Amino acid sequence: RDLTVFTDWNRHEGEEFVYVISGEIELHTEFYSEARLGPGDSFYIDSRMGHRCISVSQDDAQVLWMATQRPDNDTGEVDE
């Protein structure tokens with residue numbers, strides 16, 4: 001709910017898809033203006049771009065958040 005809790009941008013390998021089920025969120029990215037999203041809205045980003053997301057509705061927002069990770073080796077398998 002408060003951007004000041006972030007000390008830096010979130011960034012990592014992979015991609016992210018977020019779908020808002022209820023409530024509202026605000027997406028902040030390193031390269032684009034912030035976006036306010038409500039139920040039925042979604043975003044898809046390259047996770048290497050700095051990003052932050054907060055809930056801005058009175059009740060906590062509910063979202064479906066999926067993230068991928070790029071393979072670390074040439075076989076396509078992810079090292080664990």
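Please read all numbers here as calculations on a predicted model, not as lab measurements. Throughout, numbering of the chain's residues begins at 1 and tracks the sequence. Hydrogens, waters and symmetry mates play no part in the numbers below; they use all other heavy atoms, side chains included.
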(request) Could you tell me which residues satisfy ring pair (Phe, Tyr, Trp, His ring centres under 6.0 Å) with H28, sequence neighbours excluded, listed by chain and number? (result) none
(request) Give the cluster check for F17 versus F31: same hydrophobic cluster or not, with ILVMFWY residues linked at side-chain heavy-atom distances below 4.5 Å. (result) no
(message) Among residues at least two apart in sequence or on other chains, which ones pass side-chain hydrogen bond (donor to acceptor under 3.5 Å, both in side chains) with R52?
(response) none
(message) Show the nearest heavy-atom pair for residues E16 and A67, with the distance to one decimal.
(response) CG-CB, 3.9 Å
(request) Using the test side-chain hydrogen bond (donor to acceptor under 3.5 Å, both in side chains), find all partners of E24 that sit at least two apart in sequence or belong to another chain. (result) R36
(message) Within the structure provided, determine whether Q69 and H12 are in side-chain contact (heavy-atom separation under 4.5 Å).
(response) no
(request) Would you please test V20 and I25 for side chain to side chain contact (heavy atoms under 4.5 Å, CB included) and show each step? (result) CA-CA 8 Å; V20 181; I25 62 172; 3.7 Å; yes
(message) Would you compute the distance between atom CG of D8 and atom CZ of R11 and round it to the nearest 0.5 angstrom?
(response) 6.5 Å
(message) Restricting to side-chain contact (heavy atoms from CB on, under 4.5 Å), what partner residues turn up for T29, sequence neighbours left out?
(response) L27, Y32, M49, H51
(message) The criterion is side-chain hydrogen bond (donor to acceptor under 3.5 Å, both in side chains); which residues satisfy it with D41, sequence neighbours excluded?
(response) none
(request) Could you pull out the closest heavy-atom pair between D46 and G14, with the gap in Å? (result) OD1-O, 3.6 Å
(request) Only counting residues at least two apart or in another chain, list the ones meeting side-chain hydrogen bond (donor to acceptor under 3.5 Å, both in side chains) with S57. (result) none
(request) Would you check if Y19 and V63 make a side-chain contact, meaning some heavy-atom pair closer than 4.5 Å? (result) no
(message) Looking at every non-hydrogen atom in both residues, tell me the closest pair between S55 and A61 and how far apart they are.
(response) OG-N, 3.2 Å
(request) Identify the two heavy atoms, one from P39 and one from G23, that lie closest to each other, and give their separation to 0.1 Å. (result) CD-O, 3.2 Å
(message) If you compare all heavy atoms of C53 against all heavy atoms of W65, which two are closest, and at what distance to 0.1 Å?
(response) CB-CH2, 3.8 Å
(request) Following the transitive rule for hydrophobic clusters with a side-chain heavy-atom cut-off under 4.5 Å over Ile, Leu, Val, Met, Phe, Trp and Tyr, establish whether V56 and L64 coincide in one cluster. (result) no
(message) Strictly distance-based, threshold 3.5 Å: is any side-chain N or O of T68 a donor or acceptor partner for the main-chain N or O of E15?
(response) yes
